[in-house]
Amino acid sequence: MPIEEVLAVLDRPPFRAEKAHTRWQRKSGARAVLTWLSGFPGESWQERWEASPAAVGPERWAEEGHTWISTVADVRWSSAQSGLLMLAGADVLRLPLTWQFGYRTVHLRLLVERTRDPEGLSRLEEIVDPKRWASVGGGRARLALTRIMIAKGGGLADITPGDAFEYAAELRKAGLDRGSGTLFYSWLRELGNLPSDAPVTLRFLHRVTGQLSCEQLVDRHGVACEPIRELLIDYLEERRPRLDYSTLDNLARNLTRNFWSDLERHHPGINSLDLAPGVATAWKERFRTRVQRCRRPDGTVEETVVERADRALLLIAVRAFYLDIARWAVEEPARWGLWAAPCPIKEAETTDRKRVKRVKARMDQRTRERLPALESFAKAAADHHRYRLARLEALLAVPPGGTFIVHDAVFVRTMNAAGAAARGEDGVLLYFDLAEHRAFWAWAAVEFLRHTGARIEEMLEISHHAMIQYRLPTTGELVPLLQIAPSKTDQERVLLVSPELADVLATIIRRVRDPRTGAIPLLAAYDYEERIWNPPAPLLFQYDRGGENSRLSGELIRKALVEVLAFIGLTDSTGHPLDFTPHDFRRLFITDAIRSGLPPHIAQAIAGHGNINTTMGYHDPRELHQMGEKSQVASSGRRLDGLQRYYQLAS
């Protein structure tokens with residue numbers, strides 16, 4: 001368009017401003033920008049913009065554009081800035097994302113929201129919580145949508161998943177993704193503008209890979225010998241139908257990086273599975289130990305040679321590789337016969353009794369030290385949450401900038417009315433809402449794990465649908481049950497819900513319910529073991545993360561348990577902190593159950609173990625002599641009643 005026609009467009013709704021002075025300022029600024037761009041080659045204004053120095057970045061625009069406009073056009077620089085924003089809002093110019101990241105202005109979002117797709121933004125505002133819309137995170141999400149529309153053209157309905165991916169990637173490259181969130185993408189999903197097969201969130205896309213093919217699993221570690229590479233791929237394809245993905249991933253890593261790639265590094269040109277005795281012995285010796293690196297407080301890294309804990313598993317995988325090929329060679333000689341070779345690993349080498357005994361002794365010692373402190377730790381988790389909740393309630397009771405006292409400590413709330421942060425007497429900024437959040441989930445995790453004996457991954461996958469009722473056929477009594485989804489053994493199991501566990505589950509449900517609908521939000525969580533997205537489900541261990549519902553991570557639970565430990569200050573016999581890991585509660589549950597008189601096969605069913613020896617391995621054999629008639633009724637009486645009731649139901 002000629003300049004005058006462009007200016008005529010800017011003088012019509014929705015670009016026309018109410019005040020005459022504002023209209024004149026924007027119009028004169030847009031005229032100056034277009035006049036400057038007329039001096040550069042191009043068929044369109046966009047081509048002329050890209051040919052100008054301004055396309056390099058906002059700095060060049062501020063240097064050369066400012067100089068020309070102030071000297072030739074005789075227009076104030078602020079008017080030129082307004083004119084540039086009007087041209088971008090009218091889709092006369094499209095400013096790349098990287099260009100916008102370096103352009104600092106507070107008027108960009110407000111101006112584009114009024115001029116670009118106001119109907120779509122109005123519909124979006126109707127479905128978004130008003131507090132979230134007006135919050136800092138909501139402002140960042142609206143700015144993200146604005147930037148995408150300016151860079152790509154069109155309105156909200158024209159934004160594609162690829163546009164959103166590109167925005168998130170460019171934001172990370174620019175180092176601006178911290179705290180910005182991906183809320184804008186979830187808003188687009190709620191608006192219904194994205195296809196049904198689009199990813200549910202952008203949060204993990206730069207950190208997860210999904211399931212790789214067998215060829216990709218082999219090539220990521222590099223195999224120089226092409227025939228061996230094809231053999232490894234063929235072998236993994238043959239094993240894949242009978243393995244879950246995490247097992248397949250570990251098998252590929254052992255056979256490529258830990259076995260064959262290591263042989264190629266030390267023996268260049270090797271191309272046969274028939275290894276010389278010296279080659280096989282040297283390889284086994286190399287993988288007997290590994291280098292453990294530990295960073296010291298002064299920043300230096302200390303390297304220590306330690307025994308490799310998974311050495312037996314590696315040897316088993318390689319031995320199975322040789323034996324499988326030998327067996328398959330009999331059935332399909334044309335396919336596998338060429339690679340049949342003597343196995344360099346004897347069966348006796350795959351046993352690891354000494355290390356297993358040391359690990360068992362160490363776990364038994366952990367159990368003996370933590371079982372007496374279990375009730376104290378659980379009480380400390382509840383007290384810690386009450387302490388954090390009292391601090392948060394005291395903060396919310398005062399206006400922004402107000403001073404309050406809680407537990408003899410003086411704090412000053414920040415001026416952000418939507419936040420829950422305050423500064424103590426030392427001036428350190430404290431986020432009371434995040435502290436309460438971690439304290440609550442620490443308490444919830446402790447109570448859930450110690451009353452169920454579940455694995456942490458099973459706990460994090462518990463949904464509202466897992467709570468069911470069973471009517472006893474004899475008495476008609478309704479019994480509450482909890483379904484544990486298949487995890488490690490791919491076997492679903494059902495647990496009896498005790499009154500204590502029922503209180504915990506009810507508290508969690510009240511916390512995660514949507515305040516507007518009363519329902520638990522559906523959440524599609526990523527399975528890090530299987531590298532897939534699970535179908536949307538009303539997960540109980542979820543929280544509002546910057547406006548997006550997100551599943552709790554095992555890392556957050558572990559950090560929260562450390563905070564409880566710091567709150568109570570438990571120590572072991574040596575004076576060191578008595579830390580609790582999520583798996584400790586599983587061991588304590590099984591140990592307490594068997595010590596209280598529960599039959600081991602029932603404990604096996606509750607724990608979901610495929611082998612009863614695994615269940616008995618969780619129990620310290622030195623405690624068996626204590627399991628007399630008195631211990632069956634004196635230790636953990638309430639829990640024993642519940643477990644015996646489960647035994648009756650199972651029978």
**Report entry** Full working for side chain to side chain donor-acceptor pair (under 3.5 Å) between Trp133 and Glu126
**Finding:** CA-CA 10 Å; Trp133 181 267; Glu126 292 176 358; over 6 Å; no
Query raised in the report: Is the charged tip of Arg511 near the ring of Phe440: under 6.0 Å from the six-membered ring centre and within 45° of its axis?
Result: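 Flagged: Arg511 positioned over aromatic ring of Phe440.
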Query raised in the report: Can a cation-pi geometry be assigned to Arg391 and Phe432, taking NZ or CZ under 6.0 Å from the six-membered ring centre and within 45° of the ring axis?
Result: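 Yes; both conditions hold, so Arg391 lies above the ring face of Phe432.
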Salt bridge flag under 4.0 Å for residues [X] and [Y]:
{"X": "Asp433", "Y": "Arg438", "result": "no"}
{"X": "Lys152", "Y": "Asp158", "result": "no"}
{"X": "Glu119", "Y": "Arg123", "result": "no"}
{"X": "Lys131", "Y": "Asp129", "result": "no"}
{"X": "Arg450", "Y": "Glu500", "result": "no"}

**Report entry** salt bridge (Lys or Arg N to Asp or Glu O under 4.0 Å) evaluation trace for Arg388 with Asp383
**Finding:** CA-CA 9 Å; Arg388 295 297 182 184; Asp383 294 340; over 6 Å; no
Check whether more than 12 heavy atoms from other residues, nucleotides or ligands sit under 6.0 Å from atom [atom1] of [X], and answer yes or no.
{"X": "Arg94", "atom1": "CZ", "result": "yes"}
{"X": "Glu555", "atom1": "CD", "result": "no"}
{"X": "Trp77", "atom1": "CH2", "result": "yes"}
{"X": "Asp408", "atom1": "CG", "result": "no"}

**Report entry** Residues in salt bridge (charged side-chain N to carboxylate O under 4.0 Å, His left out) contact with Arg60, at least two apart in sequence or another chain
**Finding:**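 Partners of Arg60 under the salt bridge (charged side-chain N to carboxylate O under 4.0 Å, His left out) test: Glu64.
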Report task. Go through the steps for Val128 and Trp187 under the test side-chain contact (heavy atoms from CB on, under 4.5 Å), then give the verdict. Result -> CA-CA 8 Å; Val128 175; Trp187 283 2; 3.6 Å; yes
Query raised in the report: Between atom CD1 of Ile127 and atom OG of Ser122, what is the distance when rounded to the nearest 0.5 Å?
Result: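 Output value for this atom pair is 12.0 Å.
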Query raised in the report: Quick one: OG1 on Thr591 to CZ on Arg370, what's the gap to the nearest 0.5 Å?
Result: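 With rounding to 0.5 Å, OG1 (Thr591) is 12.5 Å from CZ (Arg370).
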Query raised in the report: With ring centroids as reference points, do Tyr185 and Tyr167 lie under 6.0 angstrom apart?
Result: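 No: the rings miss the under 6.0 Å criterion.
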Heavy-atom side-chain proximity of [X] to [Y] below 4.5 angstrom:
{"X": "Trp443", "Y": "His384", "answer": "no"}
{"X": "Trp61", "Y": "Leu84", "answer": "yes"}
{"X": "Asp163", "Y": "Thr160", "answer": "yes"}
{"X": "Pro118", "Y": "Glu113", "answer": "no"}
{"X": "Arg587", "Y": "Arg366", "answer": "no"}
{"X": "Leu374", "Y": "Asp592", "answer": "no"}

Query raised in the report: Under the side chain to side chain donor-acceptor pair (under 3.5 Å) criterion, do Tyr103 and Gln81 qualify, and how do the steps go?
Result: CA-CA 11 Å; Tyr103 187 65; Gln81 297 282 65; 3.1 Å; yes
Requested in this report: Could you walk me through whether Asn534 and Tyr526 pass side-chain contact (heavy atoms from CB on, under 4.5 Å), step by step?
Outcome: CA-CA 6 Å; Asn534 293 325; Tyr526 186 77; over 6 Å; no
Query raised in the report: When you look at Gln365 and Arg368, which way does the side chain to side chain donor-acceptor pair (under 3.5 Å) test go after all the steps?
Result: CA-CA 5 Å; Gln365 180 63 24; Arg368 285 192 297 271; 2.7 Å; yes
Requested in this report: Verify, without hydrogens or angle tests, whether Arg513 (side chain) and Ile520 (backbone) share a donor-acceptor contact under 3.5 angstrom.
Outcome: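 The answer is no, because no donor-acceptor pair under 3.5 Å joins these two groups.
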Query raised in the report: Are the side chain of Arg413 and the backbone N or O of Val398 linked by a donor-acceptor pair below 3.5 Å?
Result: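 Yes.
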Query raised in the report: How about Ser550 and Gln542: does a side-chain donor come under 3.5 Å of a side-chain acceptor?
Result: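 Looking only at side-chain atoms, Gln542 and Ser550 do not form any donor-acceptor pair under 3.5 Å.
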Query raised in the report: Looking just at side-chain N and O atoms, do Tyr387 and Glu436 make a donor-acceptor pair shorter than 3.5 Å?
Result: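 Tyr387 vs Glu436: no donor-acceptor pair found between side chains.
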Report task. May I have the step-by-step check of salt bridge (Lys or Arg N to Asp or Glu O under 4.0 Å) for Arg293 and Glu302, ending in yes or no? Result -> CA-CA 6 Å; Arg293 294 175 176 85; Glu302 179 183 7; over 6 Å; no
**Report entry** Derivation of the side-chain contact (heavy atoms from CB on, under 4.5 Å) call for Arg114 and Phe15
**Finding:** CA-CA 8 Å; Arg114 297 192 188 101; Phe15 307 102; over 6 Å; no
**Report entry** Criterion side-chain contact (heavy atoms from CB on, under 4.5 Å) on Trp533 and Val200, from CA distance to verdict
**Finding:** CA-CA 9 Å; Trp533 288 93; Val200 295; 3.7 Å; yes
Query raised in the report: Between Gln25 and His21, does a side chain to side chain donor-acceptor pair (under 3.5 Å) hold up when you go through it step by step?
Result: CA-CA 6 Å; Gln25 184 183 26; His21 175 73; 4.6 Å; no
Query raised in the report: Checking ring-ring contact (aromatic ring centres under 6.0 Å, His included) for the pair Phe448/Phe541: CA distance, chi angles, key distance, verdict?
Result: CA-CA 11 Å; Phe448 185 94; Phe541 283 80; 5.8 Å; yes
**Report entry** Among Leu95, Leu93, Leu145, Leu97, side chain to side chain contact (heavy atoms under 4.5 Å, CB included) partner for Ile150
**Finding:**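 Single pass found, and it is Leu95.
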Requested in this report: Could you tell me which non-hydrogen atom of Ala442 sits nearest to which non-hydrogen atom of Leu561, and how far apart they are?
Outcome: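 Between these two residues, the closest heavy atoms are O-CD2, 4.2 Å.
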